[in-house]
Amino acid sequence: MASQPNRSDRTSEHHSRQTRIAEMRRADKARDRRNKAMAITVSTVIVAGLVGFGAWVMIDQREAQQREEQAAETARKTPVDGEQTWDAKTLGRNHVETPVKYEMTPPVGGDHSPRWMNCNGDVYKNPLPEVNAVHSLEHGAVWVTYGEKAAKGDVDKLAETVGKTPYTLMSPVKEQSGAIMLSAWGKQLTVEKADDPRVAQFFTKYVQGPQTPEPGAACTNGLAEK
């Protein structure tokens with residue numbers, strides 16, 4: 001007949017089991033603390049990285065904006081190579097209802113109709129009445145015109161640029177001498193290609209530029225293409 005464990009043995013076994021449970025709980029708590037510490041460390045590194053990246057992006061964007069502003073300021077101060085200039089004091093500004101004969105094609109100023117052509121990035125498929133387009137120049141618009149020598153790709157590229165630029169308009173002028181011509185009040189530039197860097201400079205310099213007789217005047221609510 002097997003002997004029964006005595007009370008002392010049972011007490012020792014119970015104590016041993018309780019000890020193992022306590023050790024397991026301590027190990028679990030230690031592991032939890034390590035995991036939490038690791039998670040906090042990783043989170044801190046990630047947050048620091050994101051903050052650093054965000055700061056870098058903001059600095060990069062600010063520097064890019066500053067470079068653009070400096071480039072624009074340089075473009076405004078630098079004469080446009082090859083442009084023609086007329087003395088604004090000699091260009092009439094009377095509103096007339098009769099035809100006007102201009103000394104240059106396209107005209108860059110002079111007496112004109114009381115109604116302006118819409119010039120809020122308007123691209124016209126047909127020739128415009130000069131007397132109305134000149135009024136748009138008086139309001140600070142840049143008028144882009146093209147002749148038969150202009151390539152379709154260049155015309156399309158210019159139309160895209162004009163379409164997203166307030167105070168500009170575009171139309172064909174068959175009689176003009178150059179493939180592509182840009183006109184502002186008293187200013188004119190002839191180029192062969194749309195990607196000529198002087199095109200961007202002309203826009204920067206003369207869209208609502210210092211040559212404008214009536215800065216801030218409307219380029220909407222005028223005449224539109226029929």
Side-chain angles (χ1 to χ4, degrees), residues 72 75-76 80 83-148 150 154-191 194 196 198-226:
R76 283 189 284 266
V80 180
E83 75 174 11
Q84 290 182 276
T85 300
W86 286 262
D87 184 358
K89 295 178 181 178
T90 67
L91 298 173
R93 289 182 53 201
N94 297 312
H95 288 178
V96 297
E97 298 288 358
T98 55
V100 179
K101 184 173 179 56
Y102 296 103
E103 62 178 280
M104 74 294 288
T105 303
V108 298
D111 294 345
H112 50 270
S113 167
R115 299 292 303 278
W116 58 88
M117 293 302 304
N118 285 336
C119 44
N120 192 33
D122 292 87
V123 177
Y124 298 96
K125 299 298 183 183
N126 299 305
L128 301 179
E130 292 180 331
V131 290
N132 301 110
V134 169
H135 196 156
S136 300
L137 301 186
E138 187 181 38
H139 289 191
V142 166
W143 182 16
V144 179
T145 57
Y146 58 95
E148 295 179 341
D154 289 314
V155 173
D156 292 342
K157 185 173 183 178
L158 287 168
E160 182 179 353
T161 300
V162 169
K164 59 186 179 183
T165 308
Y167 284 94
T168 63
L169 68 164
M170 179 175 174
S171 69
V173 175
K174 184 178 180 180
E175 301 81 9
Q176 70 180 34
S177 59
I180 299 165
M181 300 179 74
L182 289 79
S183 302
W185 189 271
K187 308 288 183 178
Q188 194 166 77
L189 175 69
T190 300
V191 298
D196 189 312
R198 293 175 297 169
V199 172
Q201 184 187 3
F202 197 93
F203 271 58
T204 299
K205 194 175 180 73
Y206 296 126
V207 170
Q208 283 285 282
Q211 85 294 340
T212 304
E214 297 181 3
C219 248
T220 58
N221 297 321
L223 293 181
E225 192 167 38
K226 297 179 180 180

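Scope of the values below: all heavy atoms of this structure, side chains included, with no hydrogens, waters or symmetry mates.
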Would a 4.5 Å heavy-atom cut-off, applied to side chains only, mark Pro172 and Glu148 as touching?
no
Residue pair Ala88 / Trp185: nearest heavy atoms and the distance that separates them:
CB-NE1, 4.2 Å
Evaluation steps, side-chain contact (heavy atoms from CB on, under 4.5 Å), between Trp143 and Ser171:
CA-CA 8 Å; Trp143 182 16; Ser171 69; 3.0 Å; yes
From the options Leu158, Leu189, Val155, Thr190, select the one residue that forms a side chain to side chain contact (heavy atoms under 4.5 Å, CB included) with Ile180.
Leu158
Heavy-atom nearest pair, His139 first then Tyr167, reads O-CE2, 3.5 Å
Sole residue of His135, Glu214, His112 in side chain to side chain donor-acceptor pair (under 3.5 Å) with Arg93:
Glu214
Find the distance between CG (Leu223) and OG (Ser136) and round it off to the nearest 0.5 Å.
8.5 Å
How long is the gap from CZ on Phe202 to OG1 on Thr204, to the nearest 0.5 Å?
11.0 Å
Might you point out which heavy atoms bring Pro166 and Val207 nearest each other, and give the distance in Å?
O-CG1, 3.6 Å
Steps toward side-chain contact (heavy atoms from CB on, under 4.5 Å) verdict (Val199, Leu182):
CA-CA 8 Å; Val199 172; Leu182 289 79; 4.0 Å; yes
Do the non-hydrogen side-chain atoms of Tyr102 and Leu91 ever get within less than 4.5 Å of each other?
no
Start with the C-alpha distance between Glu225 and Asn126, add both sets of side-chain angles, then the distance that settles side-chain contact (heavy atoms from CB on, under 4.5 Å), and finish with yes or no.
CA-CA 8 Å; Glu225 192 167 38; Asn126 299 305; 3.1 Å; yes
Non-hydrogen side-chain atoms of Trp86 and Gln188 separated by less than 4.5 Å
yes
Would you please test Thr161 and Phe203 for side-chain contact (heavy atoms from CB on, under 4.5 Å) and show each step?
CA-CA 10 Å; Thr161 300; Phe203 271 58; 4.0 Å; yes
Do Val131 and Val96 have side chains that get closer than 4.5 Å, going by heavy atoms?
no
Test item: Gln84 and Met181 side chains (from C-beta on) under 4.5 Å apart, heavy atoms:
no
Going through the distances and angles, do Thr105 and Gln176 end up as a side-chain hydrogen bond (donor to acceptor under 3.5 Å, both in side chains)?
CA-CA 6 Å; Thr105 303; Gln176 70 180 34; over 6 Å; no
Pairwise side-chain contact, Leu169 with Leu128, heavy-atom cut-off 4.5 Å (strictly under):
yes
Taking 4.0 angstrom as the limit, do Asp196 and Arg198 come out as a salt bridge?
yes
From Lys205 NZ over to Gln208 CD, what is the distance, rounded to the nearest 0.5 angstrom?
15.5 Å
Check Asn120 against Asp122 and note the closest heavy-atom contact, atom names and distance.
N-OD1, 2.7 Å
Are the side chain of Asn94 and the backbone N or O of Asp111 linked by a donor-acceptor pair below 3.5 Å?
no
Looking only at heavy atoms, the pair that brings Pro107 and Leu137 closest together is O-CD1, 3.5 Å
Would you indicate whether Asn221, at its atom CG, is surrounded by more than 12 heavy atoms from other residues, nucleotides or ligands within a distance under 6.0 Å?
no
Side-chain touch Asp154/Tyr146, heavy atoms, less than 4.5 angstrom:
no
Met117 and Pro129 have their tightest heavy-atom pair at SD-CD, 4.2 Å
